[in-house]
Student: 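What follows is a single structure, and I will ask about it in a moment.
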2 protein chains.
Amino acid sequence: MSLDSFDRALLDAVQRDATTAQHALGEQVNLSSAAVNRRLKKLTADGVIRKTVALVDPASVGYSLTVITEVQVENERLDLLDAMKRTFMACPQVQQCYYVAGEYDFVLIMQVKHMEQYTELTRALFFESNNVKRFNTLVSMSNLKVGLEVPLLA
Amino acid sequence: MSLDSFDRALLDAVQRDATTAQHALGEQVNLSSAAVNRRLKKLTADGVIRKTVALVDPASVGYSLTVITEVQVENERLDLLDAMKRTFMACPQVQQCYYVAGEYDFVLIMQVKHMEQYTELTRALFFESNNVKRFNTLVSMSNLKVGLEVPLLA
DNA sequence: CCGATTTATGCAATTTCATTGCATAAATCC
DNA sequence: GGATTTATGCAATGAAATTGCATAAATCGG
């Protein structure tokens with residue numbers, strides 16, 4: 001599963017725009033459309049391309065608030081942590097969830113309709129958990145950069 | 001630019017998997033492939049679909065460390081803030097950047113190859129800025145959930 | 001370093017998919 | 001409630017993805 005410069009160039013192209021036709025990608029990287037097709041297929045089969053998705057503008061569908069929440073747990077017992085992970089991951093408003101080292105244990109990136117919905121969710125996710133010592137809420141005033149692109153040229 | 005339940009169902013489908021053929025989407029939501037095509041085109045033109053991208057697995061391309069950094073600024077002068085925003089946004093390893101209210105001013109989600117690269121970047125992004133009062137680093141031990149999906153059914 | 005094997009490539013044919021004209025149905029607007 | 005706008009399905013068209021095949025490049029073993 002080693003990637004050459006063709007693969008990297010293709011990955012960089014499709015992670016920016018996956019709608020580009022394969023023959024056009026081929027021109028960019030100097031490959032035939034058949035080669036592009038086979039490489040992309042292999043990259044997908046190998047899991048280098050996790051998935052191809054449409055990015056929906058949250059505000060356009062009523063989700064105009066982004067909140068980042070740091071969560072500190074009470075007890076680090078594995079089964080308790082696992083239960084929390086599952087709860088967080090099952091919540092659709094939790095867009096991203098990181099288990100981190102340091103003072104806090106989890107960082108959540110949440111998409112909510114409005115502050116009221118966030119307040120509700122804190123109840124369900126944090127207060128009703130019996131293992132949250134405290135949490136800290138960072139309200140985003142501006143989502144300056146939002147994406148999942150990985151540096152491939154640098 | 002109002003969205004009906006067809007639109008929402010389509011958005012939900014393509015934000016999970018944008019490779020699904022339009023006739024297949026049509027079956028899921030009970031529309032012809034032509035209708036699906038026209039709706040998706042309109043959703044894209046209207047900016048509801050921001051873009052369609054391939055999600056690249058960071059670890060597969062050597063980016064195995066995710067770090068979340070909270071940054072507190074020294075001075076909130078607009079021109080200084082703007083300069084910082086530009087610096088952050090221009091850095092490819094800064095995958096996401098949020099301008100937040102509260103104790104800290106920025107939250108960055110960074111993808112780096114290893115801790116050493118992060119250390120380098122802190123120098124360039126924070127120490128060499130003359131407007132960072134302090135920053136706090138949260139190292140991700142596990143990226144439990146990573147995505148940009150917006151709740152559309154809930 | 002060279003021949004043998006594996007792997008990747010381009011071309012062209014095929015197939016699948018996206019796209020559009022058109023007539024009809026649904027929804028919206030006086 | 002009729003007129004206009006808008007969305008739909010069907011079917012034809014066009015474009016794109018996919019695959020067989022022969023060739024070229026790369027890799028491997030001695």
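Just so it is clear: chains get the letters A, B, ... in the order the sequence lines come, proteins before strands, and each one is counted from 1.
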Student: Looking only at side-chain N and O atoms, does A/His23 come under 4.0 Å of OP1 or OP2 in D/dA17?
Tutor: no
Student: Within this structure, what is the CG-to-P distance between A/Asp4 and C/dT7, rounded to whole angstrom?
Tutor: 15 Å
Student: Could you tell me the separation between the CG atom of B/Leu31 and the C1' atom of D/dA7, rounded to a whole number of Å?
Tutor: 10 Å
Student: Rounded to whole angstrom units, what separation is found between the CZ atom of B/Phe6 and the C1' atom of D/dG9?
Tutor: 13 Å
Student: Starting from C1' on D/dA24, measure out to CG on A/Asn30 and report it in whole angstrom.
Tutor: 17 Å
Student: Please state how far atom CG in A/Leu40 lies from atom P in C/dT9, giving the value in whole angstrom units.
Tutor: 11 Å
Student: Would you mind telling me which residue lines up with the more 5' stretch of DNA chain D, B/Val36 or A/Ala21, judged by nearest nucleotide?
Tutor: B/Val36
Student: Rounded to the nearest Å, what distance is computed from the CG atom of residue B/Asp7 to the P atom of nucleotide D/dA7?
Tutor: 10 Å
Student: Which part of the nucleic acid, if any, lies within contact of A/Ala35, taking any heavy atom under 4.0 Å across all strands shown: a base, the sugar-phosphate backbone alone, or nothing?
Tutor: sugar-phosphate
Student: Looking at A/Asp12 and A/Arg16, is there a salt bridge between them, counting it only when a charged N and a carboxylate O are closer than 4.0 Å?
Tutor: yes
Student: Taking all atoms of both residues into account, what is the closest heavy-atom pair of A/Val146 and B/Arg50, and its distance?
Tutor: O-NH2, 3.8 Å
Student: Report the distance from atom CZ of B/Arg38 to atom C1' of D/dT8, rounded to the nearest whole Å.
Tutor: 7 Å
Student: Please collect all ring pair (Phe, Tyr, Trp, His ring centres under 6.0 Å) contacts where either partner lies in residues 127-154 of chain A, sequence neighbours excluded, each pair once.
Tutor: A/Phe126-A/Phe135, A/Phe127-A/Phe135
Student: Please tell me which of the listed nucleotides, C/dT19, C/dG10, D/dT19, lies nearest to the side chain of A/Ser32?
Tutor: C/dG10
Student: May I ask you to evaluate whether A/Lys41 reaches the phosphate of D/dA17, defined as a side-chain N or O under 4.0 Å from OP1 or OP2?
Tutor: no
Student: Name the one of A/Lys41, A/Arg38, A/Arg39 that satisfies salt bridge (charged side-chain N to carboxylate O under 4.0 Å, His left out) with A/Asp7?
Tutor: A/Arg39
Student: Separation of A/Asn37 atom CG from C/dT14 atom C1', in whole Å?
Tutor: 13 Å
